[in-house]
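Heads up, the thing below is written out as structure tokens.
All values reported here derive from a predicted model rather than from experimental measurement.
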Amino acid sequence: MVAMVSNGTSPVGAFAPVLTAMSTMRDGQREQKKAAHAFLESFQKSVEAWQVTIGILQSNADAEAKLFAATTLRGKITYDVSQIPIEALPSLRDQVLELLKTFATGPRPIRVQLCVCLAILAIQMTGWKDVVPAVVSALGNNPDSHACILDFLKVLPEEVTEGRKINLTEAELQARTQELLGDNATVVVQILISYAQSSDTAATNPQLLEVITSWLREVPVADVVNSPLLSVVLNALDNDRSFDAATDCLCAIFKETRDVDDNLSTIQILLPRVIALQPRIAQAQTQEDTEVFKGITRIFAEAGEAWVVLIARDPGIFRPLVEAVLECAARDMDRDSIALTFIFWYELKLYLVLERYIEARMQYMDVYSKLVDVMLKELEFPSADGPNPLDLFDGDREAEEKFREFRHHMGDVLKDCCEIMGVTECLSKVLDRIKAWMSSYAAMATHESVPHWQQLEAPLFSMRALGRMVDKDEDIILPQIMPLIIQIPHHEKLRFATIMVLGRYTEWTSNHPELLESQFTYIVSSFETDSKEIVRAAAMAMKYFCTDCKHHLGGQVVQLQHFYNQTLDKLPLASQEELTEGVASVVAVQPPGQIFDLLKLYCDPLMARLMALANQASDDEGKLAVADHLQLITLFIQNVKPYVEPGQENPAVRYCQEIFPILSTILDTYITFTPICERICRNWRHMVISYRTAIAPILPAMATKLASGFATSRQGCFLWATSAVLREFSEDREHVDDQTTEAIYTFFEAQSTNMLRIMNDLLPQETPDVIEDFYRLLVDALLYYPHKLVHSQLFTPIFQAGVSALALEQRDPLIAVLHYIRDVIGYGGENPPSSTNAANPPEIQSVVQQLILSQGEELVKQILAGMMITFPDDCFSDGSGALLGLFELMPEATAAWVDKTVRMLPAGTVSEAEIDRLMAGIRSRLVEGREGVRKVRSLLQDFTNNYRRRYVAPRDGLGRLEPERFRFSS
């Protein structure tokens, strides 16, 4: 099977097609590349690939071909060892060792792949007990072989950790892990010490440090720290060649000491050695060596993260480490490294806020105070050097976006500081910065120029970041700051920052209404500026002002409409929606007797605009404008929900009755334009959600329009709106009579009948979105109308259509169908997903069980096909959950369906022995009861995951595999 292929001077016939295909992938035409790709995909999983890859590696083919061959061989050893007779495995091992000798001096990518091959083979050859000594001995003590030995030692623990890819049981893998790693830990440490001491060059070899890092999970960390290897790692920090690898290694050592109480003696050795690195911080800054500075910062920060509980427990000893992290943050002028400290500050904060660490909190208070000063400085925008004073990044939008994101992370650190220091102390620093700028530069500011505005904008941003931390009853600092900031000189960045602060503190302002008018005036006046950014900020702030201060704005509700009507058309769509949401919040809290008139005052102009847009819409752009404007009406419906006693007319519903015919006419006119249909369905859906059963006067007309709209357009939004009606007028709702309930269910069945016709006419792949909406609707129907649906003539065809839809390969529709199927299976038992606590009647259970018996085989086949081949990753848990439900309901029948299904897999992919082992495992666990059934779920997940990795997922070096090739044979 894996016979040696003779060395040659030119490619022999056995592997010439592979080399030709690779050449075509590089230089061929599109169709030729596609064919070559398909050939290589098939080749990688074929039996012939064993001989061919080894032959290529022994030939004089180019390095790219040999790398492909080595990568393919790795895939073969990982997934296809079952293609090799057990007695031939030693021969394969010997061939790989010979290849390693050949490539001992490189190229390194090929050598590493071969090392991985040998490591994976070693995991599976459970009879091979002396792996590490045998490999080291086989490669010899020649210096040319050292790199190869180090590569093998590095990849061995990594591949053992990834052993889930390999077809071994958990027990076999655990035993092999101990044999390969645990039993060799001491030997490996001695090998590494010997190598490190062999020469100065060896001691700074990054490969050595990478091997130490790789073995740290297997070797007790104390064995490394108490050996000469610790000095090797620390000394390697002084060498540019080994600095990065040494940093990685040292940080890995820290991670292994996170269980601090188990590693106190080790930490006691490490701490002074780490603190001794502190002078490197200033040295790296002085030399402007950003990479070294970043590495040193990472060392201190990750040491702090690992030992954070000791830092809180014993500040007297560990404070120097905290000060070193602070120094790293303070000296990072380029903002390249400071982010590495953020996790540390957060984790330390989590301890210091606890009552038991109150003393440590007091001792670190000054550190966090200095950290606030650092953050306030780092938050400053850069100075403008170019011709445009507002283009602070010289047109580099990526750098600007990175800085903006970075600021928000710094804002999180400020919140951490605030939790330690208290709100008053943090805001005092902000106030001091604002006053300092005012006293130094306010008199020099003009409308055209504001000197050093960055020093004022940064504390404003920090105020915004701290907003969530400040209680609405704060009465010390904010009453001083708020009147101050609305007097800040005009500058686009400063005004934007001020608006964002005012919008962030609206709950506080609601509690201090004496400051509301001046802030509100400042926001309203901002809509008159030419800056789009300021206008967008003002719209957002207005939304929060109206939402949080709505009870203070009732007296201005009519004047507010005038401002709204005059301003709306000047705003971009997102800002229109924010402003609309805000003013709707004010309308919503007015007395119910005023609601109808206020809705007419605010919404009639919107409806007039809507009709004008609808009459003028002649192209897609015009139609989209109609759809966007519809959303503004919906926002009023979502927010204005007056309370009225049952049986009384709802004034909001009265207004909905006025606009419903207009919306219906627009729907009829643009029934083929999806965005308008979706927005009108959204509007009607929120009418039902907001006004619930009070919407009954509109319900007949709405149901008619939803049914005819779906029949005409075949768009899922009509089903989406139907689900809201179904939920609100369900069997178990109060104030809903039987006649209405029956009418609603009849309406649902009409929608379902239309959907089944669609699914009969079209493939699932042609209507994925509609299928998603339909089965989400069915989840609601089953929840609220289980008795009617289960006994319906549509029950079986709907279920059959759902099983067919499992052939889809798109996440959302698949999840909707699988949720529906899981719920149906649930109704076959005593505890279904129900909207009531009533017991599931035996007659319902019987109908569902009969359905499962008739459809179960096809269902299992589709689910297993999906889990092995076609399902996106997010669908696995729901697929296995459906199988779990089947096993709980009908264990023996489901086991038989699984057995029959897996035996239909393509020949050569899964052996009879593997199938027999799977089924034996399933049947042995079924006798264990409910807990055993859950273990069956795990067995099937492991089986399907393994199949997917071996036969469906692409092997390294090529693109995605076409799943159609692995459909079940009939």
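Taking the six-membered ring where tryptophan is involved, the planes of Trp307 and Phe254 are perpendicular, since the angle between them exceeds 60° and thus also 30°.
Side chains of Thr257 and Asn263: no donor on one and acceptor on the other come within 3.5 Å. Under the 3.5 Å distance criterion, with hydrogens and angles disregarded, a donor-acceptor pair is assigned to the side chains of Arg495 and Ser526. With 3.5 Å as the limit, one finds a donor-acceptor pair spanning the side chains of Glu327 and Gln278.
Salt bridge Lys429/Glu425: absent, no basic N to carboxylate O contact under 4.0 Å. Salt bridge Glu507/Lys472: absent, no basic N to carboxylate O contact under 4.0 Å. Using a 4.0 Å cut-off between a side-chain N of Lys or Arg and a carboxylate O of Asp or Glu, Glu457 and Arg407 qualify as a salt bridge. Classification of Glu405 and Lys402 as a salt-bridged pair fails, no side-chain N sitting under 4.0 Å from a carboxylate O. Ionic pairing of Asp412 and Lys415 is present here: one or more N-O contacts between side-chain nitrogen and carboxylate oxygen are shorter than 4.0 angstrom. Between Asp336 and Lys294, no side-chain nitrogen of the basic residue sits less than 4.0 Å from a carboxylate oxygen of the acidic one, so the salt-bridge criterion is not met. Here Asp314 does not pair with Arg319 in a salt bridge; the nearest charged N to carboxylate O distance is not below 4.0 Å.
Trp508 has its side chain out of reach of Asp473: every pair of non-hydrogen atoms, C-beta onward, lies at least 4.5 Å apart. Contact annotation: the side chain of Tyr522 approaches that of Ile499 to within less than 4.5 Å [non-hydrogen atoms, C-beta and beyond]. Between Asp244 and Pro206, the closest side-chain pair of non-hydrogen atoms is not below 4.5 Å. Residues Ile338 and Cys328 have side chains not in contact (no heavy-atom distance under 4.5 Å, counting atoms from C-beta outward). In this structure the side chain of Tyr505 reaches within 4.5 angstrom of the side chain of Met463, judged on heavy atoms. Side-chain contact between Leu579 and Gln576 is absent, with no heavy-atom pair separated by less than 4.5 Å. For the pair Leu814 and Pro872, the minimum side-chain heavy-atom distance is below 4.5 Å. The shortest side-chain heavy-atom distance between Lys532 and Pro572 does not fall under the 4.5 Å cut-off.
By the neighbour-count criterion of 12 heavy atoms within 6.0 Å, atom CD of Glu517 is sparsely surrounded, having that number or fewer from other residues, nucleotides or ligands. More than 12 heavy atoms of other shown residues, nucleotides or ligands fall within 6.0 angstrom of atom CZ in Arg331. The number of heavy-atom neighbours closer than 6.0 Å to CE of Met333, taken from other residues, nucleotides and ligands shown, is above 12. Other residues, nucleotides and ligands place more than 12 heavy atoms under 6.0 Å from the CD atom of Gln556. Taking a 6.0 Å sphere around CZ of Phe342, one finds it holds more than 12 heavy atoms contributed by other residues, nucleotides or ligands. Atom CD of Glu514 sits in a crowded spot, with more than 12 heavy atoms from other residues, nucleotides or ligands closer than 6.0 Å.
Checking side-chain atoms of Tyr544 against main-chain N and O of Cys549 turns up no donor-acceptor pair under 3.5 Å. Judged by distance alone, the side chain of Gln487 and the main-chain N or O of Pro483 form a donor-acceptor pair under 3.5 Å. Listed for the Glu474 side chain is a donor-acceptor partner under 3.5 Å among the backbone atoms of Leu478. Between the His491 side chain and the Ser449 main chain, no donor and acceptor come within less than 3.5 Å of each other. Without hydrogens or angle criteria, Ser369 side chain to Asp366 main chain gives no donor-acceptor distance under 3.5 Å. Judged by distance alone, with hydrogens and angles left aside, the side-chain atoms of Ser428 form a donor-acceptor pair with the main-chain N or O of Thr424 at under 3.5 Å. At least one donor-acceptor pair under 3.5 Å links the side chain of Ser510 to the backbone N or O of Asp548. At least one donor-acceptor pair closer than 3.5 Å links the side chain of Ser585 to the backbone N or O of Glu581. Remark: the backbone N or O of Thr521 is paired with a side-chain donor or acceptor of Ser525 at under 3.5 angstrom. A donor-acceptor pair is defined here as one N or O able to donate and one able to accept, closer than 3.5 Å; such a pair exists between the side chain of Arg335 and the backbone of Glu378.
Under the rule for a side chain to side chain contact (heavy atoms under 4.5 Å, CB included), the partners of Asp248 that lie at least two apart in sequence or sit in another chain are Arg298. The side chain to side chain contact (heavy atoms under 4.5 Å, CB included) check on Ser242 picks up Thr204, Leu209, Ala236, Asn239, with sequence neighbours excluded.
Annotation: the span from Glu398 atom CD to Glu401 atom CD amounts to 9.5 Å, rounded to 0.5 Å. The CZ atom of Phe318 lies 5.0 Å from the CG atom of Leu271; values are rounded to the nearest 0.5 Å. Between the CG atom of Leu350 and the OH atom of Tyr357 there is a distance of 12.0 Å, given to the nearest 0.5 Å. Met365 contributes atom CE, which lies 11.5 Å from atom SG of Cys417 (distance to the nearest 0.5 angstrom). To the nearest 0.5 Å, atom CG of residue Asp416 and atom CD1 of residue Ile343 are 11.5 Å apart.
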Working note: Phe461 + His408, criterion ring pair (Phe, Tyr, Trp, His ring centres under 6.0 Å); need CA distance, chi angles, decisive distance, verdict. CA-CA 9 Å; Phe461 181 89; His408 287 288; 5.5 Å; yes
Checking ring pair (Phe, Tyr, Trp, His ring centres under 6.0 Å) for the pair Phe300/Phe344: CA distance, chi angles, key distance, verdict? CA-CA 9 Å; Phe300 282 114; Phe344 166 71; over 10 Å; no
Residues Tyr564, Thr580; criterion side chain to side chain contact (heavy atoms under 4.5 Å, CB included); working and verdict: CA-CA 8 Å; Tyr564 173 68; Thr580 300; 2.8 Å; yes
Please test Val325 against Trp345 for side chain to side chain contact (heavy atoms under 4.5 Å, CB included), starting from the C-alpha separation and ending with a verdict. CA-CA 9 Å; Val325 180; Trp345 298 120; 3.8 Å; yes
Take Arg361 and Leu354 through the side chain to side chain contact (heavy atoms under 4.5 Å, CB included) test and state the conclusion after the steps. CA-CA 9 Å; Arg361 178 178 175 179; Leu354 299 177; over 6 Å; no
Does the pair Ile317 and Ile311 meet the rule for a side chain to side chain contact (heavy atoms under 4.5 Å, CB included), with working shown? CA-CA 8 Å; Ile317 293 176; Ile311 292 172; over 6 Å; no
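Of all non-hydrogen atoms in Phe243 and Ile296, the two that sit nearest each other are CZ-N, 4.1 Å. Here the closest heavy-atom approach between residue Glu380 and residue Gln454 is recorded as CG-O, 3.6 Å. Listed here is the closest heavy atom pair of Leu553 and Cys546: CD1-CA, 4.0 Å. Nearest heavy-atom pair across Ser214 and Glu158 is OG-CG, 3.6 Å. Thr297 approaches Ser337 most closely through the heavy-atom pair CG2-O, 3.6 Å. Taking every heavy atom of both residues into account, Leu635 and Asn639 meet most closely at O-ND2, 2.7 Å.
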Side-chain donor-acceptor contacts of residues 430-438 below 3.5 Å, not counting sequence neighbours, with atom names and distances?
unit_1: Trp437; atom_1: NE1; unit_2: Pro451; atom_2: O; d: 3.1
unit_1: Trp437; atom_1: NE1; unit_2: His452; atom_2: O; d: 3.0

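Two rings, from Phe527 and Phe563, have their centers less than 6.0 Å apart.
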